[in-house]
Amino acid sequence: MKRASLHTLGCRLNQAETAVLASRLRKEGYEVVALGQPTDLLVVNTCSVTEEAERTCRYVVRKTLKHSPGAFVAVTGCYAQTGVQELRSIAGVDLIVGNQFKWDLPALLPAPERLQKHPKPEIHHSRTIGREDFVLPEYGEPGSTRALLKVQDGCNVMCSFCLIPFARGHERSRILEDVIREAEMLVAGGYREVVLTGVNIGRYREGGRDLIGLISRLEQIEGLERIRISSIEPTTVTDELIERMASSSKLCPYLHIPLQSGDDAVLSAMNRPYRVREFVGLIERACRIVPALGLGTDLMVGFPGETEEAFLRTLSLAETLSFSYFHVFTYSPRPGTAALKLHGSVPTAVARERARTLSDLCLLKRMVFAERFIGTTVPVLFESGETEGLTLGTTPNFLRVGVPSSPDLTNQLKPVGISAASDRWAVGRIAPVHDPSRPVSMI
């Protein structure tokens, strides 16, 4: 049996798609092995958001070919869509498949018994990507206790720093019944939580239903206990969605809403379709309606024209708003984006220092968020494995919780009494189902 290893760069949407490709390769007769093990086939599902993602792609290819010099290398995903010329120059790449043809990748491979290195890469690429609503050709096998469920693709928002509209095309939604079928299959397989993924999931529209309609259908699935929304654009977070989150027993009280900058001039240069006042109003409203809300965001530093004053406004907003964590990105110039034409570049050393400042603040915010729940009992869905003597899991509002390692708790939902907190996770012990000495936090 030929071996295949797959590696994902970038977002949860990419992770969901890699799971589908892995499932299809198994059906083609491959044994899927972990990255780093000897292999006959390497599939890299790439990201084009930052230069770092592109460098990682090159590194993964080189590292694999060191221990498996004869491995056939196929590259797909967003970098394969936007950086095909650069990928041509990476030694060892045999097949480049743009996003339009991603699901055809297994069929584009040579037969397993004929896998061999090519003198130059074969390319399957189209500048245009279809706009039709879609179904998935296969359902992937999730890699954790939280199953990623792709519901949307593409984006119509032309942020000046972003290549995603070019890499993934226009907005389109997954056929509702196909989503439900996969969710039901996941529940039948023992999964208790699904995470809705997409590029701009708040724009889900299919068969007369929007995101709320999709959530309503998912809530009807018996045995599905948690529905989590992944990153969602602020302009698509409606009052109806917030109120549903407050009242639903299944929709997790958790939002990851990208801010990017706390300065209106920078937001305008980024072509972000909101201003600081609107964002603050949304966050305050969401935290008021959903008191135990877990709240994440994305922050970008070093964008052209970001003055020290503009950065300090971002820092102040990050301190003030009730974020439980944030992801910090340093601006990365991307060929083909409007931001390349902007003046006022920020020195690399300055951008890195700003990123460190925000990252340090993030650790403090994580600590403060975890400390809120000391003395309460919270429901935790446990993951597999052990970290530093702890078995880890998550609450509905995405608080990481660890308990002393014990018999396998994988995919089990247990009440945990929180006794301590750090900037990485809260710590406690599994509590009796009814412990009158502790208040219960339904987070």
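Bear in mind the structure is a predicted one, so any value in this text is a computation, not a measurement.
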J.: Only counting residues at least two apart or in another chain, list the ones meeting side chain to side chain donor-acceptor pair (under 3.5 Å) with Thr8.
T.: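 Partners of Thr8 under the side chain to side chain donor-acceptor pair (under 3.5 Å) test: Thr18.
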J.: Does Glu177 come within less than 4.0 Å of Arg217, counting only side-chain N to carboxylate O?
T.: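 Looking at Glu177 and Arg217, the cut-off is met.
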J.: Looking at Glu383 and Arg400, is any side-chain nitrogen of the basic one under 4.0 Å from a carboxylate oxygen of the acidic one?
T.: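 A salt bridge is present here (some side-chain N lies under 4.0 Å from a carboxylate O).
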J.: In chain order, what residues pass the side chain to side chain donor-acceptor pair (under 3.5 Å) check against Asn411, with sequence neighbours excluded?
T.: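 Per chain and number, Asn411 pairs via side chain to side chain donor-acceptor pair (under 3.5 Å) with no residue.
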J.: Enumerate the side chain to side chain donor-acceptor pair (under 3.5 Å) contacts for residues 328-341, please, sequence neighbours excluded, ordered by first and then second residue.
T.: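 Sorted result for residues 328-341: Glu54-Arg334.
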J.: Test of understanding: with side chain to side chain donor-acceptor pair (under 3.5 Å), list the residues that count as partners of Arg228, not counting sequence neighbours.
T.: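 Per chain and number, Arg228 pairs via side chain to side chain donor-acceptor pair (under 3.5 Å) with Glu193.
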J.: Got a salt bridge between Glu233 and Arg203, using NZ or NE/NH1/NH2 to carboxylate O under 4.0 Å?
T.: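 Salt bridge absent between Glu233 and Arg203.
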J.: Does Lys250 come within less than 4.0 Å of Glu219, counting only side-chain N to carboxylate O?
T.: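 Salt bridge: no.
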J.: Determine, using ring centers only, whether His256 and Tyr325 are less than 6.0 Å apart.
T.: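 Yes.
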J.: Mind jotting down which residue pairs meet the side chain to side chain donor-acceptor pair (under 3.5 Å) criterion with at least one end in residues 103-113? Sequence neighbours excluded, please.
T.: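 Qualifying pairs: none.
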J.: Between Arg424 and Glu388, is the closest basic N to carboxylate O distance under 4.0 Å?
T.: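 Answer for the salt bridge query: yes.
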J.: So which pairs with a foot in residues 24-36 pass side chain to side chain donor-acceptor pair (under 3.5 Å), sequence neighbours left out?
T.: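 Qualifying pairs, neighbours excluded: Lys27-Glu138.
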J.: Is the charged tip of Lys150 near the ring of Phe134: under 6.0 Å from the six-membered ring centre and within 45° of its axis?
T.: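 Relative to the ring axis of Phe134, which defines the angle, Lys150 lies inside both limits.
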